[in-house]
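I have placed the structure first, in the form of structure tokens, so that the comments after it can refer back to it.
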Amino acid sequence: MTRSKAMLPYVVWMALFIVVPLFLVVYYAFTHTSFNGAELTFANFQRVFQPIYLKVLARSLKLAVISTVICLLLGYPVALVMAGNAFSRKSTIMLLFVIPMWMNFLLRTYAWLTLLERNGALNQLLTRIGLPALNILYTDYAVVLGMVYNFLPFMILPIYSVLSKIDQGVIEAASDLGANKFVVFMRVILPLSLPGVVSGITMVFMPALTTFVISRLLGGGQYTLVGNLIEQQFLVVGDWGFGSAISMVMIILILISMAVMSFFEKSEEGATLW
Amino acid sequence: MVKFLQRTYVYLIFAFLYAPIAVLIVLSFNASRSRGTWGGFTLQWYVELFQDRVIMSSLYTTLLIGITSAVIATVIGTAAAIGIHNSRGWQKKLVMNITYIPVLNPEIVTGISLMILFVFSKVQFGYLTLLLAHITFNIPYVILSVLPKLRQLKNNLYEAALDLGAEPWYAFWRVILPEIMPGVITGLLLAFTLSIDDFVVSFFTTGSGVSTLSITVYSMARRGINPKLNALSTIMFTAVLLLLLIVNLRQAREEKKGRRDNEQEKGFRIIGTVDAAGVDSEWVQSQ
Amino acid sequence: MTDQQLVNLIGVSKVYDGTAALKGIDLYIRRNEFLTLLGPSGCGKTTTLRLIGGFEQPTTGRILFEGTDVTGVPPYKRRVNTVFQRYALFSHMNVFENIAFGLRIKKMDEKSIRAKVGKMLELVGLAGYEKRSVDSLSGGQQQRVAIARALVNEPEVLLLDEPLAALDLKLRKEMQHELKNMQKQLGITFLFVTHDQEEALSMSDTIAVMKDGEIQQIGTPEDIYNEPKNAFVAGFIGESNIVDGIMHQDKLVEFAGQFFDCVDGGFAPQEPVDVVIRPEDIKLVAPEEAKLQGIVRSVTFIGVHYEMIVEAAGIDWLVHSTLMEPPGAEVGLYVTPMDIHIMKKVAAG
């Protein structure tokens, strides 16, 4: 098949701009460059496990998990409603979830800056209706809020796309077999929607764990999250070895969470068999 | 009653998603510099926005990089998709896995790894590095948009063209390309949108003096509130709205032409990330 | 010159990833002939067609076209055209443009294209459909467009790869007639691939029965039906009772524990053979009038006749008869020597 040769330019491109750079990251993570040249070292990884950096890691994980859980709790019902028959023009309404997603990410985050400010729109509204002002800008709450706001559609869309493909006959069959609505949901709809949930979690958790923009703009501080730590190493401190090591640790964390999730998904599926 | 509750819930979520944007739009016309008070209607911020040299030049950079990277990525990606579609076995698997790396890799890692590469190979940071980086993260999305169209091609279409006397290139231009065109255009639009929306990768791969809109917004927002950004947000939001409207109308027309597609997928095809997400989960499971 | 050999396959074999799809077949197609390749899926019939179309190259062997070797010539330079199983119509073009595709490549002038396409549409009964989108057509109509698109190029041979498989029964019967008429009218050689034996029998001048990459038998429909060469062909062409037998001498065979007269010979003494008897050749008679006695096990009325299973000598016999015997009835089974077909055993597989 000569037509398979059409992918040659792409393969060369990806080798050059994806594979080689990743190897460079690994290379820098494991080497120490001095006047004597490069030598193998694990010092960069040892540094990652110092308490100060572990704290950053833990904090990033915590905020990412919290944001993901909130997105799931808020988003799943939306997807469920959308897949049901509460709305007649579904594709139009789904489009409404998409539009904010396509607006510049920076501007979306910036919007919350304006809203959450001490004299911002939110506090104006709160004081007008006689509630105490809320000063959450530059706290973890603001960061979580920013993450949920930015990533919620990423949770809703994949779950909706799986739910909407569930054969209505399956649900009717379950009801026919005597299952009430709750049982139908727990034993039929939820298990069937798990692939969507898994990709939703992946699509929210990953950017939430690695973002440095939201934390920088809404969190204020400099070393808040692991993303900021990496950014600092490359653009401010210039310690590529350490920056690469943190990046690798982060990738490993992501791979582990993905593995856990797919395992969780499979065991859930197994559980529904009996 | 249940329906009412369900609708109310969805409307609340919409309120959450749109309120910040609505506030920005309103504030972009607010004459008062302080956010809290309404100081009358003004277009002052729009005037200032268009007079701001930094913003205007980064808008130009964004569009330039967006268009060139989208076009180049579409050419390479479409060819790649055809290649992948016609290859078998381990080669196909390997290339597909490489395709998913930039999709799954955290943006920051793509950013820093490309930065290391460019420093390592002593390329001058600026337009070129920015363009190379954007093409790199765009191609996979083009491939993921074109591949489904190739899979949907009827059997023997290419062979039918050859059979009727078409030489391979003629068959490609006159038969295969027109048939997969919707996927190619989706890929092009997706690549363009991702490019103009990108911040993280651009942030690490641009050089001094070259700034995309996202980077400019970041540096302005870091310094606090700026009414010009409100005006910019309003314009961007309107632009996105129009773009999506056009794309959707185009798709609706295509559907009328008798193309049979899954009803539920109508609103979705433009959202490549959703397709990619579906593929992601399959890919993750197969690991 | 009606016997002129138009296409010749000489020792053609095809191996895909180590599996042989064709095991060195020899086949010729005569001019103006309607030749059918018949066989179950995986027998190599479609591979043969694709080799003639030029979509695949043979692993060994040669393909001749009017005596010239065309092995290695790409499809767009061959004077054959194909009607694909799923039609492979170009959905971004309307009916007219689909049919005009090949003519445009030949750079024919617009006027002639119009005339030719118009004539073709008339032939396939789709006049007035020029501007229609092909996706808006029914399966049968798409089929006609595919045929017109191929025929307008005036090929030497028209290759048809199970073109009727996707149609419903009634439409299929109709198209069988039409295709046969078109072939006669246009005087074009047809190479037709199908797994449907009825289709093959009713349309073909010649049938090649294939199995496991080999041609089992070539002949007229009558030959193949009446004188199947082996048990596979017999079983594939129509329903048959196939039982083990032993040939004791010429014209004397033993099966079901009895000796029967037959008309075949040329076997070694005591040679094990397959005995093939068509269900319509078994006559139900009174038990004492036949060598084989059995009990009717089941009766199904299927329109023109009754289909009965009769158990005799430990074998279930399929019998077609216009007379009905109730289940449980004792009957005799009688077969004339003419209708007892003796076949050499084929290697299992």
Side-chain angles (χ1 to χ4, degrees), chain A residues 1 3-7 9-11 13-14 17-18 20-22 24-25 28 77-78 81 86 91 94-96 98-100 102-107 110-115 117 119-121 124 157-158 161 164-165 195 198-199 202-203 206 210 212-213 217 227 230 234 243 247 251 258 262, chain B residues 3 6-7 9-10 13-14 17 20-21 23-24 27 34-36 76 79-80 82-84 86-87 95 98 101-102 106 108-109 112-117 120 132 136 139 193 197 199 214 217-218 221-222 225 229 233 236-237 240-241 244 248 264 266-268 271 274 277-278 280-281 284-285:
Chain A
M1 274 282 157
R3 275 177 288 162
S4 63
K5 286 199 189 107
M7 67 183 178
Y10 170 68
V11 170
W13 187 286
M14 292 311 261
F17 293 105
I18 289 293
V20 169
L22 283 179
L24 285 174
V25 170
Y28 275 100
V78 175
V81 171
S91 51
M94 282 318 287
L95 200 62
L96 288 177
V98 178
I99 292 166
W102 282 136
M103 202 176 120
N104 191 292
F105 169 64
L106 267 300
L107 288 174
Y110 164 78
W112 281 99
L113 203 62
T114 345
L115 274 176
E117 244 201 334
N119 296 320
Q124 292 285 332
L157 293 173
S161 106
S164 64
K165 280 177 195 141
V198 166
S199 56
T202 314
M203 290 183 71
M206 277 221 325
T210 61
F212 70 94
V213 178
L217 291 183
I230 295 174
F234 278 93
S247 303
I251 292 175
M258 280 178 171
S262 61
Chain B
K3 257 190 197 177
Q6 289 181 335
R7 281 186 193 158
Y9 179 70
V10 172
I13 297 290
F14 278 137
L17 288 177
I21 298 170
V23 169
L24 281 193
L27 289 182
S34 87
R35 260 67 55 196
I76 300 178
I82 290 168
I84 291 169
N86 287 299
S87 60
V95 176
I98 293 176
I101 293 178
I108 191 169
V109 176
I112 57 136
S113 66
L114 280 168
M115 177 187 161
I116 296 178
L117 175 80
F120 202 79
L132 290 174
T136 304
I139 306 177
T193 325
D197 199 48
F199 166 71
S214 295
V217 171
Y218 180 68
R222 258 196 323 187
I225 312 286
L229 286 184
S233 304
M236 297 275 280
F237 181 72
V240 168
L241 207 61
L244 282 179
N248 265 348
Q264 275 101 11
K266 258 189 213 166
F268 273 114
I271 319 155
V274 173
D280 283 356
S281 67
V284 170
Q285 283 158 22

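Numbers restart at 1 for each chain; the letters A, B, ... are given by sequence-line order, proteins then strands. All of these numbers come straight from a predicted model, not from anything done at the bench.
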For [X] and [Y], work out which heavy atoms get closest and say how close.
X        : Y        : answer
B/Asn86  : A/Ser4   : O-CB, 3.8 Å
B/Gly83  : A/Ala6   : N-CB, 4.0 Å
A/Gly227 : B/Ile108 : O-CD1, 3.4 Å
A/Met103 : B/Asp197 : O-OD1, 3.7 Å

Heaviest contributor of heavy-atom pairs below 4.5 Å to chain A, chosen from B/Ile116, B/Val109, B/Ile21, is B/Ile116
For the candidates B/Leu229, B/Ile84, B/Leu241, which exhibits the highest count of non-hydrogen atom pairs separated by less than 4.5 Å from chain A?
B/Leu229
[atom1] of [X] to [atom2] of [Y]: how many Å apart, nearest 0.5 Å?
X        : Y        : atom1 : atom2 : result
A/Met14  : B/Ile76  : CE    : CD1   : 10.0 Å
B/Ile139 : A/Phe17  : CD1   : CZ    : 9.0 Å
B/Ser113 : A/Phe234 : OG    : CZ    : 8.5 Å
B/Ile82  : A/Tyr10  : CD1   : OH    : 14.5 Å

Please test A/Phe105 against B/Val217 for side chain to side chain contact (heavy atoms under 4.5 Å, CB included), starting from the C-alpha separation and ending with a verdict.
CA-CA 10 Å; A/Phe105 169 64; B/Val217 171; over 6 Å; no
Let's go through B/Val23 and A/Thr114 carefully: what are the C-alpha distance in whole Å and the side-chain angles of both, what is the deciding distance for side chain to side chain contact (heavy atoms under 4.5 Å, CB included) to 0.1 Å, and is it a yes or a no?
CA-CA 9 Å; B/Val23 169; A/Thr114 345; 5.5 Å; no
With only heavy atoms counted, which part of [X] is less than 4.5 Å from chain A, the side chain, the backbone, both or neither?
X        : result
B/Ile13  : side chain
B/Tyr218 : both
B/Ile98  : both
B/Leu24  : side chain

Side chain, backbone, both or neither: which part of A/Ile99 has a non-hydrogen atom closer than 4.5 Å to chain B?
both
Look at A/Val213, A/Leu113, A/Asn104 and state which one has the largest set of heavy-atom pairs under 4.5 Å with chain B.
A/Asn104
Of the listed A/Leu24, A/Val11, A/Val20, A/Leu22, the one with the largest count of heavy-atom pairs under 4.5 Å with chain B is A/Leu24
Between A/Leu107 and B/Phe237, is a side chain to side chain contact (heavy atoms under 4.5 Å, CB included) present by the stated rule, with each step listed?
CA-CA 10 Å; A/Leu107 288 174; B/Phe237 181 72; over 6 Å; no
